[in-house]
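The chains referred to below are lettered A, B, ... by the order of the sequence lines, with proteins before strands, and numbering in each begins at 1.
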2 protein chains.
Amino acid sequence: MKKFITIRDVANAAGVSINTVSRALNGKPDINEETKKRVLKVARELGYVKDATALSLKYGLTRVIGVIFEDSSNPFFSEVFKGIEMKAREHNFNVILMNTEKNYDIEEDAIKTMISRRVDGLIITPTQERFEDIESLANLNIPTIILGVHFKELKLPEVHTDDVAGGFLATDYLIKKGRKRIVLLNGLSYKSVAQMRFEGYVNALRDNGIKYLDELVYEIPEGVESAYNKTKEFLLSGLRFDGMFCFNDIFAIGAIEALKEFGKRIPEDISVVGYDDISYAKYISPSLTTVAIDKILEGQTAFELLLESVKSKAKVSAKEIVLDVKLIERKSA
Amino acid sequence: MKKFITIRDVANAAGVSINTVSRALNGKPDINEETKKRVLKVARELGYVKDATALSLKYGLTRVIGVIFEDSSNPFFSEVFKGIEMKAREHNFNVILMNTEKNYDIEEDAIKTMISRRVDGLIITPTQERFEDIESLANLNIPTIILGVHFKELKLPEVHTDDVAGGFLATDYLIKKGRKRIVLLNGLSYKSVAQMRFEGYVNALRDNGIKYLDELVYEIPEGVESAYNKTKEFLLSGLRFDGMFCFNDIFAIGAIEALKEFGKRIPEDISVVGYDDISYAKYISPSLTTVAIDKILEGQTAFELLLESVKSKAKVSAKEIVLDVKLIERKSA
DNA sequence: AACAGTACCGGTAACGTTACCAATCACAAT
DNA sequence: ATTGTGATTGGTAACGTTACCGGTACTGTT
């Protein structure tokens with residue numbers, strides 16, 4: 001097992017002290033130009049690569065941030081991550097990514113791990129059971145960004161999209177297309193998000209003078225099957241509706257599946273609007289009209305806000321960044 | 001900026017030496033049971049969390065592995081990553097994930113970064129330009145697993161799926177469904193993978209006594225549009241074909257899009273088989289018949305093989321693990 | 001009473017790096 | 001000749017942790 005080349009090896013090979021090597025390596029003054037060149041040449045020849053673990057210990061800064069998601073393979077999170085990693089790389093940070101599988105205990109462990117790793121900051125989409133674990137981060141003054149969800153209770157910076165506007169946009173669009181009885185197939189896992197989209201839905205109805213009906217609003221668990229089954233239930237029960245606003249594109253896919261199975265024409269009989277604009281939204285049939293959020297931008301924004309906190313070292317302010325959403329018109333509505 | 005609690009703080013608070021604290025923390029012998037309890041209590045009260053950076057430096061082991069992908073938001077990679085992270089977590093490892101954006105220079109930088117971070121191992125899907133960067137890892141004896149692609153030249157362990165079998169399976173299935181003129185819409189980016197699927201395609205034709213025709217085989221760049229355009233081209237040129245074997249599901253989606261636009265019935269007029277079984281494969285219309293690879297298993301396998309190398313510390317053998325593939329029958333063929 | 005054995009605990013070095021201080025040397029200014 | 005100055009270099013401590021070694025006090029054996 002070969003060992004890594006250390007600054008000491010370079011020093012020996014170049015016949016200077018480790019200090020001189022350090023000076024050469026870091027472009028510091030107080031070093032002869034010739035010596036510097038010679039040292040750098042030796043370092044290159046020996047294949048010296050700085051040991052980041054030593055630097056982390058010395059400076060108490062790791063240049064690593066942690067990202068904790070419930071499931072990084074979910075297309076929403078995987079795109080957000082891409083944005084985070086992109087910006088992190090640009091600023092010479094690395095990213096440790098962990099999944100919680102929506103389990104609070106795993107989340108707690110993950111946060112402990114991140115603390116142990118001495119990450120310079122953390123981006124997290126918390127499960128919504130309890131917040132002790134997150135608060136422990138604040139106590140340690142580890143800059144933390146809450147991503148995607150809304151928690152005014154947690155006095156921490158948040159980056160998310162304008163879900164009220166998104167809910168309004170989708171519903172208003174359906175109404176403008178002549179729909180009057182619009183089912184809201186809402187999510188429950190992210191309560192805050194679901195609530196805000198619901199708010200947008202209600203606002204749009206009100207602004208258009210349409211009566212709100214409890215019988216058209218449903219909260220269902222995650223997954224395509226869930227939406228598929230619920231929609232089937234609507235159709236079997238004879239529920240009258242001519243539009244559907246789905247919490248996300250996954251739901252929309254499930255709903256469309258069920259509608260087609262019952263011979264409903266989309267959008268003629270029933271219009272469907274999704275949410276997220278996942279990359280496959282345009283390839284399903286009919287292509288999905290949906291509320292788009294710029295997931296990569298969301299990731300980038302989160303990193304940049306985090307970096308700000310990391311640099312300022314001050315107690316992070318509970319700043320909130322709300323990103324715009326827009327409606328993508330396709331064929332399903 | 002509050003600092004972290006160190007072993008020294010605990011020692012002071014408990015009125016013992018740092019050695020005793022260390023012994024208590026690590027369940028080492030040579031410590032009084034009472035003292036141990038007291039120390040652990042103090043440590044808990046103070047919120048002590050071990051500093052992983054110090055351990056990394058001390059032991060020369062970081063319990064971090066690196067993962068380098070071209071694009072972690074690609075559904076294939078994001079699922080593989082999930083498998084890697086799952087297993088890593090189980091073994092108390094963390095994962096740093098970096099994207100190369102298919103750029104060799106970025107890949108080279110990423111590998112340098114991983115070396116600098118002193119990762120205990122690396123899982124990588126190399127771009128296929130050059131291999132100097134990867135060889136530098138081997139020189140440093142950083143255990144490295146090549147994932148997804150085939151490089152006998154690189155004497156490194158590989159984990160990938162049986163692409164020859166996959167190509168055979170898809171083509172054979174189409175033939176069994178009565179198809180005689182089967183277009184192969186092959187990829188080029190992963191040359192080795194594309195070649196093996198091509199081999200499977202040829203084998204299936206031969207075994208079924210169908211003549212191979214050059215005019216039915218195409219290599220196209222990545223992306224839905226790419227497949228969409230190529231298929232349109234076929235249809236406009238009057239190329240005769242009754243089946244399509246697509247390099248991946250993305251291609252299949254593009255192809256189906258074009259076929260539908262030209263009023264072709266799928267699978268009656270033209271049968272289409274994809275590859276990968278991405279999670280949306282079953283929701284497109286018609287649902288996609290495709291060759292499935294267990295991406296999570298692939299990630300898990302890669303981690304386990306890597307862990308083996310990390311533990312053995314021996315020069316890693318060029319072991320190759322080939323995972324099975326299977327055909328998922330749906331409606332498109 | 002002398003000694004060995006054992007249980008427990010603390011001092012120190014080391015991992016690789018850089019910051020700080022001290023040292024050396026050449027040369028110019030007095 | 002002495003002193004000061006600037007350029008260059010090296011020694012050492014420190015970051016947090018554990019391994020190794022040495023020390024102390026108590027017990028039991030003869």
Quick one: label A:I31 by what it contacts on the DNA or RNA (base, sugar-phosphate, nothing), any heavy atom closer than 4.0 Å.
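If one applies the 4.0 Å heavy-atom cut-off, A:I31 turns out to touch the sugar-phosphate alone, with no base involved.
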
For B:T35, report the nucleic acid contact type (base, sugar-phosphate, nothing); a contact means any heavy atom under 4.0 Å.
sugar-phosphate

Is there a side-chain polar atom (N or O) of [X] under 4.0 Å from OP1 or OP2 of [N]?
X	N	answer
A:T20	D:dG10	yes
B:Y59	C:dA14	no
A:N19	C:dT18	no
B:K50	D:dT18	yes
B:K58	C:dG16	no

For a 4.5 angstrom cut-off between non-hydrogen side-chain atoms, does B:V67 reach B:M98?
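No, every pair of side-chain atoms sits at 4.5 Å or beyond.
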
4.5 Å side-chain heavy-atom contact, B:D133 and B:E107
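Counting from C-beta outward, B:D133 and B:E107 do come under 4.5 Å.
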
Using whole Å, report how far [atom1] of [X] lies from [atom2] of [N].
X	N	atom1	atom2	result
B:R117	C:dC15	CZ	P	22 Å
B:L55	D:dG16	CG	C1'	8 Å
A:R23	C:dC21	CZ	P	14 Å
A:L25	C:dT18	CG	P	7 Å
B:F4	D:dC15	CZ	C1'	13 Å
A:K36	D:dA7	NZ	P	15 Å
A:I18	C:dA14	CD1	C1'	13 Å
A:N32	D:dG6	CG	C1'	13 Å

Proximity to the side chain of [X] - top-ranked nucleotide from [options]:
X	options	answer
B:I7	D:dT17, D:dG16, C:dT18	D:dT17
A:D51	D:dT17, C:dC9, C:dG16	C:dG16
A:Y48	C:dG10, C:dT17, C:dG16	C:dT17
B:D30	D:dG16, C:dC8, C:dT18	C:dC8
B:S17	C:dT17, C:dG11, D:dG10	C:dG11
A:T6	C:dT17, D:dT8, D:dG16	C:dT17

Roughly how far, to the nearest 0.5 Å, is CZ of B:R117 from CG of A:D51?
10.0 Å

Geometric class of the B:H91/B:F303 ring pair [parallel <30°, tilted 30-60°, perpendicular >60°]:
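Tilted, since the angle between the ring planes falls between 30° and 60°.
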
Which comes earlier along DNA chain D counting from the 5' end, the contact point of B:L57 or that of B:K28, where each point is its nearest nucleotide?
B:L57

For A:L147, the option from A:H160, A:E298, A:E158 that meets side chain to side chain contact (heavy atoms under 4.5 Å, CB included):
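It is A:E298; the other options fail the test.
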
Non-hydrogen atoms of A:V80 and A:F69 that approach each other most closely
CG1-CZ, 4.0 Å

Of B:E33 and B:A54, the one whose closest DNA chain C nucleotide lies more 5':
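The answer here is B:E33.
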
